[in-house]
Amino acid sequence: MNILNFGGSIAFICGALMAFADGPANAAPVKNIVLVHGAFADGSGWKAVYEILANDGYNVTAAQPPLTGLEDDVAAVARVLRRQDGPTILVGHSYGGAIITEAGIDPHVAALVFIAAHAPDVGETQTENGKRFPSAGRDAIRLTDDGYALLDPARFPAEFAGDLPKQQADFEAHAQVFTASAAFSTPIRDAAWRTKPSWYMVARSDRIINPDLERMYAKRANSTTVEIEGASHSVYASHPVEVAKLIEDAAQHAGTNGRAPE
């Protein structure tokens, strides 16, 4: 074999392998972000996070699942995902985490971000997981006679929004969206975090989802995880800078792990 040709072949192969290895690091960041609210809330809670992301050049949509049942809520998010023009970071808070766990199988979704959120596995329910790790404020939930859940307005500020200004927390308590209680006991059919990269924010002072349950979800999904000291369940509203930073980290590092439909 000609030594010069052999050496040239080795150099070509090494260069190709290096280019392949550098591909993910050099990939363009994901530019589409879909935010999904949880129970007792609506998309307006994402306003501060939305503004930070939009100002940083991201295409951001706050989905509005109706909270009438897991199937309806997943369908509402899927409807938004179908309108995205490329890879998308899907973000969920609280019950929104269960929604994105199922909706995240959409091929647009490059990565998932859970903000103090449920991330059940296939066959699991939020209710059963909550019994394994009881939350401090679990007895603040009330039920209507037609099967919807709400948080006792008198307890809402302390249990759901302990680190928000009292005036804001009081308003949210009296503007909360009733949520179909069946949504919490509906088993998950698909768990997107099993096949897609994920990021997770633990709210250390969460009284709606036990922080230890949040840690279990994050560890099981092998999520890139941050914890926010003193954060209530409303961490998405009380710590928008930190939440936006985590979402942008996902956008910067998940670009080659998901793809838009062809």
Would you say [X]'s side chain and [Y]'s backbone share a donor-acceptor pair under 3.5 angstrom?
{"X": "T68", "Y": "P66", "result": "no"}
{"X": "T101", "Y": "A119", "result": "no"}
{"X": "S232", "Y": "S234", "result": "yes"}
{"X": "E248", "Y": "L53", "result": "no"}
{"X": "Y58", "Y": "I52", "result": "no"}
{"X": "D73", "Y": "L67", "result": "yes"}

Tell me whether [X] shares a hydrophobic cluster with [Y], the cluster being built from Ile, Leu, Val, Met, Phe, Trp, Tyr side chains joined at under 4.5 Å.
{"X": "V226", "Y": "V235", "result": "yes"}
{"X": "V74", "Y": "I188", "result": "yes"}
{"X": "F133", "Y": "W193", "result": "yes"}
{"X": "V91", "Y": "I105", "result": "no"}
{"X": "F171", "Y": "V177", "result": "no"}

Working for side-chain contact (heavy atoms from CB on, under 4.5 Å), residues R189 and V122:
CA-CA 5 Å; R189 295 179 298 181; V122 174; 5.9 Å; no
Heavy-atom distance under 4.5 Å between the side chains of [X] and [Y], does that happen here?
{"X": "Q252", "Y": "P29", "result": "yes"}
{"X": "L35", "Y": "I247", "result": "yes"}
{"X": "S198", "Y": "T224", "result": "no"}
{"X": "E172", "Y": "L164", "result": "yes"}
{"X": "T186", "Y": "T125", "result": "no"}
{"X": "V113", "Y": "M201", "result": "no"}
{"X": "H253", "Y": "W199", "result": "yes"}
{"X": "P120", "Y": "Q126", "result": "yes"}

[X] [atom1]: over 12 foreign heavy atoms closer than 6.0 Å:
{"X": "E71", "atom1": "CD", "value": "no"}
{"X": "R83", "atom1": "CZ", "value": "no"}
{"X": "N222", "atom1": "CG", "value": "no"}

Do you know which two heavy atoms are closest between [X] and [Y], and how far apart they sit?
{"X": "A63", "Y": "V80", "value": "CB-CG2, 4.1 Å"}
{"X": "V77", "Y": "A103", "value": "CG1-CB, 3.9 Å"}
{"X": "K196", "Y": "G104", "value": "NZ-O, 2.8 Å"}
{"X": "E214", "Y": "I209", "value": "OE2-O, 3.4 Å"}
{"X": "I89", "Y": "A254", "value": "CD1-CB, 4.2 Å"}
{"X": "S135", "Y": "R138", "value": "O-NH1, 2.6 Å"}

Side chains of H174 and D170, donor plus acceptor under 3.5 Å:
no
Using a distance-only test with no angle check, is there a side-chain donor-acceptor pair under 3.5 angstrom linking H233 and S94?
yes
Assess the residue pair N210 and M216 against the criterion (side-chain contact (heavy atoms from CB on, under 4.5 Å)); give the C-alpha distance rounded to whole Å, side-chain angles, the decisive distance to 0.1 Å, and a yes or no.
CA-CA 10 Å; N210 189 320; M216 185 278 282; over 6 Å; no
So among T61, N32, V109, which one has a side chain to side chain contact (heavy atoms under 4.5 Å, CB included) with L81?
V109
Below 30° counts as parallel, above 60° as perpendicular, anything between as tilted: where do the rings of Y95 and F184 land?
perpendicular
Can you tell me how far apart [atom1] ([X]) and [atom2] ([Y]) are? Round to the nearest 0.5 Å.
{"X": "H118", "Y": "I208", "atom1": "NE2", "atom2": "CD1", "answer": "9.5 Å"}
{"X": "R204", "Y": "E229", "atom1": "CZ", "atom2": "CD", "answer": "5.0 Å"}
{"X": "T88", "Y": "L112", "atom1": "OG1", "atom2": "CG", "answer": "11.5 Å"}
{"X": "I141", "Y": "L151", "atom1": "CD1", "atom2": "CG", "answer": "6.0 Å"}
{"X": "R132", "Y": "D212", "atom1": "CZ", "atom2": "CG", "answer": "11.5 Å"}

NZ/NE/NH1/NH2 to OD/OE distance under 4.0 Å, [X] and [Y]:
{"X": "K47", "Y": "E51", "value": "yes"}
{"X": "D139", "Y": "R155", "value": "yes"}
{"X": "D106", "Y": "R82", "value": "no"}
{"X": "E124", "Y": "K131", "value": "no"}

Is the W46-Y236 ring centre distance short of 6.0 angstrom?
yes
Evaluate the criterion side-chain contact (heavy atoms from CB on, under 4.5 Å) for residue pair Y217 and F114; output intermediate values, then yes/no.
CA-CA 9 Å; Y217 284 141; F114 296 91; over 6 Å; no
Test N59 against I33 for side-chain contact (heavy atoms from CB on, under 4.5 Å), laying out the working first.
CA-CA 6 Å; N59 172 36; I33 297 171; over 6 Å; no
